[in-house]
Amino acid sequence: MSAHLDPKQLDALVAVAEHASFSKAAAALRLTLAAVSLRVSALEESLGQRLLVRGKRVTVSPSGAKLLAHVRQVRLMEADVLGELQGSLGAGQGMQTLSVAVNADSLTAWFLSGVAPTLKRHRLLLDVMIDDQDHTLEALKQGQVVGCVTTSAQSIAGCAAVPLGVMRYRCVASPGARQKWRTPAGNVSLHRMLSSPAVVFNRKDGLQDAFLRQHFALTHAAYPRHFVPAVDAFEHAIAQGLGWGMVPDLTVGKLSQTLGLVEVFEDKPVDVPLVWQHWVKESTASKRLTQAVVAAAAHTLQPNSPS
């Protein structure tokens with residue numbers, strides 16, 4: 001007998017995956033913990049596949065990720081159909097939620113402002129997962145999001161990869177900090193700079209290492225680091241003279257005016273090519289989001305270098 005996808009079991013799976021917890025999923029669904037566990041176990045048994053990996057934090061197995069992606073795609077497609085039917089009947093159309101994974105710099109510098117008009121015009125809700133651009137693809141693989149801003153140009157199964165352009169970063173510091181690193185000749189001493197801490201967004205942030213590797217051939221540089229995983233606080237930490245850091249070229253002008261930040265090495269940028277990966281089978285809402293993301297990137301990012 002063929003397996004049957006029970007809607008209640010799928011609801012339980014989605015809730016556990018989203019909350020990474022059976023107890024939190026039970027609270028969200030207003031069910032008992034036992035009921036949620038039973039539904040997920042019954043779904044796994046009917047499919048003959050382990051969909052979740054139980055632990056202190058519940059994660060999704062590769063089979064679970066495929067099923068979650070399918071469920072989210074189907075639900076967005078259903079929302080399209082319902083919207084058309086309700087529209088034809090004169091009923092008001094509800095709002096759809098689209099989950100995306102975006103790095104914090106892109107979110108602040110261009111993503112939100114770029115997609116905002118589309119979200120408002122088509123009554124779309126955004127559920128943003130923030131992660132480093134080298135790690136956002138994992139959320140798409142797990143079926144958690146419909147699209148992600150990533151550095152990976154190799155499309156994963158069932159997805160398309162659209163080059164967005166280059167996000168350029170600059171090394172900045174406070175004027176006082178930069179002055180301390182100057183030699184009598186007026187040049188900034190890298191040795192002096194590295195004796196001061198770097199301000200790093202989080203432990204996944206590799207921009208500082210990329211800067212040192214690309215421009216100074218330092219592959220395993222040892223330097224002290226502050227970790228400040230919030231964009232505003234990160235910028236203010238640099239302005240307070242706590243150290244040097246890498247910020248998007250798009251925001252350097254604003255940060256110079258508002259916080260007084262200055263470039264440390266004006267001729268040494270770091271370019272990060274960005275890609276939008278999204279499901280090939282997209283709902284109308286997802287297609288609109290993809291179009292908005294690509295248009296926003298084309299308007300704000302540096303063009304990719306010709307290959």
Side-chain angles (χ1 to χ4, degrees), residues 18 20 97-116 118-119 124-142 144-153 162-174 197-211 225-240 242-259 261 263 269-278 289-290 292-302:
E18 288 180 348
T97 297
L98 298 174
S99 299
V100 297
V102 186
N103 60 305
D105 287 334
S106 289
L107 188 68
T108 303
W110 63 271
F111 189 93
L112 274 181
S113 59
V115 303
T118 295
L119 300 179
L124 301 176
L125 299 172
L126 209 57
D127 184 356
V128 180
M129 179 183 298
I130 295 179
D131 205 343
D132 185 83
Q133 61 267 14
D134 294 330
H135 299 270
T136 49
L137 191 61
E138 189 60 30
L140 189 62
K141 290 179 180 177
Q142 293 285 330
Q144 297 173 294
V145 297
V146 299
C148 68
V149 175
T150 176
T151 54
S152 177
V162 183
L164 294 175
V166 170
M167 189 116 169
R168 178 164 290 171
Y169 287 82
R170 302 280 183 178
C171 180
V172 300
S174 69
V199 180
V200 183
F201 190 75
N202 60 30
R203 285 169 174 78
K204 294 179 180 179
D205 184 0
L207 283 169
Q208 288 74 17
D209 290 336
F211 167 74
R225 310 174 194 214
H226 295 291
F227 293 100
V228 187
V231 173
D232 287 348
F234 171 86
E235 296 166 349
H236 278 84
I238 300 173
Q240 292 298 317
L242 293 182
W244 58 280
M246 305 296 295
V247 302
D249 183 70
L250 293 168
T251 62
V252 167
K254 181 195 74 172
L255 295 176
S256 176
Q257 293 178 355
T258 59
L259 298 178
L261 297 185
E263 287 188 57
V270 172
D271 288 347
V272 179
L274 296 179
V275 175
W276 175 249
Q277 288 222 29
H278 63 94
L289 179 64
T290 288
V293 170
V294 173
H299 181 68
T300 55
L301 298 181
Q302 300 279 337

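Counting from 1, the numbers follow the sequence of the chain as shown. All values below were derived from every heavy atom in this structure, side-chain atoms included, with hydrogens, water molecules and symmetry-related copies excluded. It should be emphasised that the depicted structure is a prediction, and the values quoted were computed from it without experimental measurement.
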> My understanding is that only residues two or more places apart in sequence, or in another chain, count here; which of them pass side chain to side chain contact (heavy atoms under 4.5 Å, CB included) with Ser174?
Ala177
> What pairs meet the salt bridge (Lys or Arg N to Asp or Glu O under 4.0 Å) rule with one or both residues in residues 100-110, with sequence neighbours excluded?
none
> Identify the two heavy atoms, one from Val275 and one from Ala153, that lie closest to each other, and give their separation to 0.1 Å.
CG2-CA, 4.0 Å
> With sequence neighbours left out, write down each residue that passes side-chain hydrogen bond (donor to acceptor under 3.5 Å, both in side chains) with Asn103, or none if nothing qualifies.
Ser106, Gln133
> Under the rule for salt bridge (charged side-chain N to carboxylate O under 4.0 Å, His left out), what residues qualify as partners of Glu235, not counting sequence neighbours?
none
> Using salt bridge (charged side-chain N to carboxylate O under 4.0 Å, His left out) as the criterion, list what pairs up with Asp134, not counting sequence neighbours.
none
> Roughly how far, to the nearest 0.5 Å, is the NE2 atom of His236 from the CG atom of Leu242?
12.0 Å
> Can you measure from CD1 (Ile130) to OG1 (Thr108) and round to the nearest 0.5 angstrom?
7.0 Å
> Is the backbone N or O of Leu125 less than 3.5 Å from a side-chain atom of Thr97, with the two atoms forming a donor-acceptor pair by type?
no
> With a cut-off of 3.5 Å and sequence neighbours excluded, list every side-chain donor-acceptor pair involving residues 247-254.
residue: Asp249; atom: OD1; partner: Arg170; partner atom: NE; Å: 3.0
residue: Thr251; atom: OG1; partner: Pro248; partner atom: O; Å: 3.0

> Would you name the heavy atoms of Leu140 and Gly147 that are closest together and state the gap between them?
CD1-N, 4.0 Å
> Could you work out, with side-chain hydrogen bond (donor to acceptor under 3.5 Å, both in side chains) as the rule, every residue matching Gln277, not counting sequence neighbours?
none
> Which pair of heavy atoms, one from Phe201 and one from Ala230, lies closest together, and at what distance?
CE1-N, 3.5 Å
> Report, as yes or no, whether the 6.0 Å neighbourhood of atom NE2 on His135 holds more than 12 heavy atoms from other residues, nucleotides or ligands.
yes
> Measure the CG-CG distance between Leu107 and Leu112 for me, rounded to the nearest 0.5 Å.
4.0 Å
> Under a 4.5 Å cut-off applied to non-hydrogen side-chain atoms, are Val172 and Trp244 in contact?
no
> My understanding is that only residues two or more places apart in sequence, or in another chain, count here; which of them pass side-chain hydrogen bond (donor to acceptor under 3.5 Å, both in side chains) with Ser152?
none
> Of all heavy-atom pairs between Ala292 and Thr118, which one has the smallest distance, and what is that distance?
CB-OG1, 3.4 Å
> Could you list the residues that satisfy side chain to side chain contact (heavy atoms under 4.5 Å, CB included) with Pro197, not counting sequence neighbours?
Pro224, His226
> Nearest 0.5 Å please: distance from the OG1 atom of Thr150 over to the CG atom of Leu137.
4.5 Å
> Could you work out, with side-chain hydrogen bond (donor to acceptor under 3.5 Å, both in side chains) as the rule, every residue matching Lys204, not counting sequence neighbours?
Asp131
> Of all heavy-atom pairs between Phe211 and Val270, which one has the smallest distance, and what is that distance?
CA-CG2, 3.6 Å
> Do the side chains of Val272 and Leu207 get nearer than 4.5 Å, heavy atoms only?
yes
> Considering all heavy atoms of both residues, which atom of Val199 and which atom of Phe234 are nearest to each other, and what is their separation?
O-CE1, 3.0 Å
> For Ala297, check side chain to side chain contact (heavy atoms under 4.5 Å, CB included) against everything at least two apart and list the hits.
Trp110, Leu164, Leu301
> Run the salt bridge (charged side-chain N to carboxylate O under 4.0 Å, His left out) test against Asp132 and tell me which residues pass, sequence neighbours left out.
none
